[in-house]
Protein chains: 2
Amino acid sequence: MSSTVPDTERAAREARWAESLRGHGRRVTRQRLAVLEAVEHAPHAVAEDVVDAVRAELPDITVQSVYVVLSDLTESGLLRRIEVPQSPARYETRVADNHHHAVCSSCGRIEDVDCAVGHAPCLTPSDTHGMTIQVADVLYQGICADCRTAAQAAD
Amino acid sequence: MSSTVPDTERAAREARWAESLRGHGRRVTRQRLAVLEAVEHAPHAVAEDVVDAVRAELPDITVQSVYVVLSDLTESGLLRRIEVPQSPARYETRVADNHHHAVCSSCGRIEDVDCAVGHAPCLTPSDTHGMTIQVADVLYQGICADCRTAAQAAD
DNA sequence: ACACAATTATGAGTAATTCATAATAAGGTG
DNA sequence: CACCTTATTATGAATTACTCATAATTGTGT
């Protein structure tokens, strides 16, 4: 009982996750709840981060099981998978809106960026060679404030 | 001498590649020229495709060497690497403009899409949390004309 | 509490790529 | 032109990030 965070908040979140899982025809398991909690608390986490976080609660969970759960939750729409170059896949619980991501090419940190227009696809490409576009994912690349400051200090 | 394509054209292209390589402080090797030719003739090719194409000319080249050459050419800016979900990295020689890509979620085919505005970054995100944006890569996902026709025929 | 399908665990396997080190070759120099 | 230096490529092994097949377990409706 050393936690300063009330268990009631967590219980409430888990109840919402449970409802969401059932709504997608999925069973409610401790593994799924723990993975959802982990990703909720560490947005853009990679699978390994999720394993570490989940093991605080379920010490014997295997890496493979976490991959299965992550894939299933992504397929059912409770998680979104983000693919960034030079990095394993990342996950987030923010799935309702079509937002984008900015990655720092120096340190790799990732920030959410709101969609330029607000709905998906938020961009209308010119000539798509007959393809019907459903989604436009934008990946901004640049330098974050910290890395810029560090680079200027080095001059 | 069964080729119907004049060797002079190829020689001219290779001379341009050679000049470009030297301009980037790189030595001109048969491996690099063959990789550049392969990617030029098969845009969006994956490493394995490049190995196959290059081996028509240099039968003993190893997969690892092709990876080294591809990485080096990408770093020096002669090639651009494209990362598409569910696919190994792809390469193209079109590096001068900031264009984007559309991938068919059914068959995986990739098409070039001109930049919405014409210069990089071609999109101005709203709030970047202090990050200075340099490039905006857009990945459109949708259904290509062929797959749409096939799906309709199946109804 | 039971049954049965959904889910997770276990152990192995794979694809794509990287790494360390040795051999080779490009290109400037004498 | 032969030589030397360093860049480049070859070789063999290793690694990362996942995936797969199958067995054990656990939710959930009845």
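Labels below follow one simple rule: chain letters A, B, ... track the order of the sequence lines, proteins then strands, and each chain is numbered from 1.
- Per the geometry, CG belonging to A:Leu78 stands 12 Å off P belonging to C:dT7, to the nearest Å.
- As rounded to whole Å, 18 Å separates atom C1' of D:dT8 from atom NE2 of B:His24.
- Taking 4.0 Å as the cut-off between side-chain N and carboxylate O, A:Arg10 and A:Glu57 count as a salt-bridged pair.
- The rotation axes computed at either terminus of the helix from C:dA1-D:dT30 to C:dG30-D:dC1 lie 30° apart, taking five pairs at each end and rounding to 10 degrees.
- Judged by distance alone, with hydrogens and angles left aside, the side-chain atoms of A:Arg13 form no donor-acceptor pair with the main-chain N or O of A:Ala11 at under 3.5 Å.
- When the P atom of C:dT7 is taken as reference, atom CD1 of A:Ile61 falls 14 Å away, rounded to whole Å.
- Of the side-chain N and O atoms in A:Thr62, none sit less than 4.0 angstrom from OP1 or OP2 of C:dT10.
- In this structure, CG of B:Asp60 is placed 13 Å from C1' of D:dT11, rounded to the nearest angstrom.
- A distance-only check finds no donor-acceptor pair linking the side chain of B:Arg22 to the backbone of B:Ser20 [under 3.5 Å].
- The list of side-chain hydrogen bond (donor to acceptor under 3.5 Å, both in side chains) pairs with a residue in residues 40-56 of chain B, not counting sequence neighbours, reads B:Glu40-B:Thr93, B:His44-B:Glu92, B:His44-B:Asp112.
- Counted by atom type alone, A:Thr132 and B:Arg148 present one or more donor-acceptor pairs between their side chains at under 3.5 Å.
- Protein atom CG of B:Leu70 is 14 Å distant from nucleotide atom C1' of D:dT8, rounded to whole Å.
- With hydrophobic clusters built from ILVMFWY side chains whose heavy atoms lie under 4.5 angstrom apart, A:Ile143 does not share a cluster with B:Ile133.
- Here the C1' atom of nucleotide D:dT8 and the CG atom of B:Asp72 are 9 Å apart, to the nearest Å.
- A:Ser65 and A:Thr62 share a side-chain donor-acceptor pair at under 3.5 Å.
- Taking atom CD of residue B:Glu19 and atom C1' of nucleotide C:dG27, one finds them 17 Å apart after rounding to whole Å.
- A salt bridge is defined here as a Lys NZ or Arg NE, NH1 or NH2 lying under 4.0 Å from an Asp or Glu carboxylate O, and A:Arg80 with A:Asp97 fails to meet this definition.
- There is a path of hydrophobic side-chain contacts, each under 4.5 Å, that joins B:Leu58 to B:Val69.
- Between C:dA26 and B:Arg32, no contact under 4.0 Å exists linking OP1 or OP2 to a side-chain N or O.
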What pairs of donor and acceptor atoms, side-chain ones from residues 29-36 of chain B against any protein atom, are under 3.5 angstrom apart with sequence neighbours left out?
{"unit_1": "B:Thr29", "atom_1": "OG1", "unit_2": "B:Arg32", "atom_2": "N", "d": "3.1"}
{"unit_1": "B:Arg32", "atom_1": "NH1", "unit_2": "B:Arg27", "atom_2": "O", "d": "2.8"}
{"unit_1": "B:Arg32", "atom_1": "NH2", "unit_2": "B:Asp72", "atom_2": "OD2", "d": "3.3"}

Tabulated below should be each protein N or O lying under 3.5 Å from an N or O of nucleotides 17-20 of chain D; please produce it.
{"unit_1": "D:dC18", "atom_1": "OP1", "unit_2": "A:Ala89", "atom_2": "N", "d": "3.3"}

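- Rounding to whole angstrom units, CG of residue A:Leu33 and C1' of D:dG27 are separated by 12 Å.
- In this structure, B:Pro43 and B:Arg94 have side chains that are not in contact, with every pair of non-hydrogen atoms separated by 4.5 Å or more.
- By the 4.5 Å heavy-atom criterion applied to side chains, B:Ile82 and B:Val84 are counted as neighbours.
- A salt bridge does not link B:Arg16 to B:Glu14: none of the charged nitrogens lies less than 4.0 Å from a carboxylate oxygen.
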Give every pair of a protein N or O atom and an N or O atom of nucleotides 28-30 of chain D that lie under 3.5 Å apart, one pair per line with the distance.
{"unit_1": "D:dT28", "atom_1": "OP1", "unit_2": "A:Val28", "atom_2": "N", "d": "2.7"}

At a cut-off of 3.5 Å, list every protein nitrogen or oxygen paired with a nitrogen or oxygen from nucleotides 20-23 of chain C, distance to 0.1 Å.
none

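- Within the 4.5 Å cutoff, no side-chain heavy atoms of B:Tyr140 are placed close to those of A:Val135.
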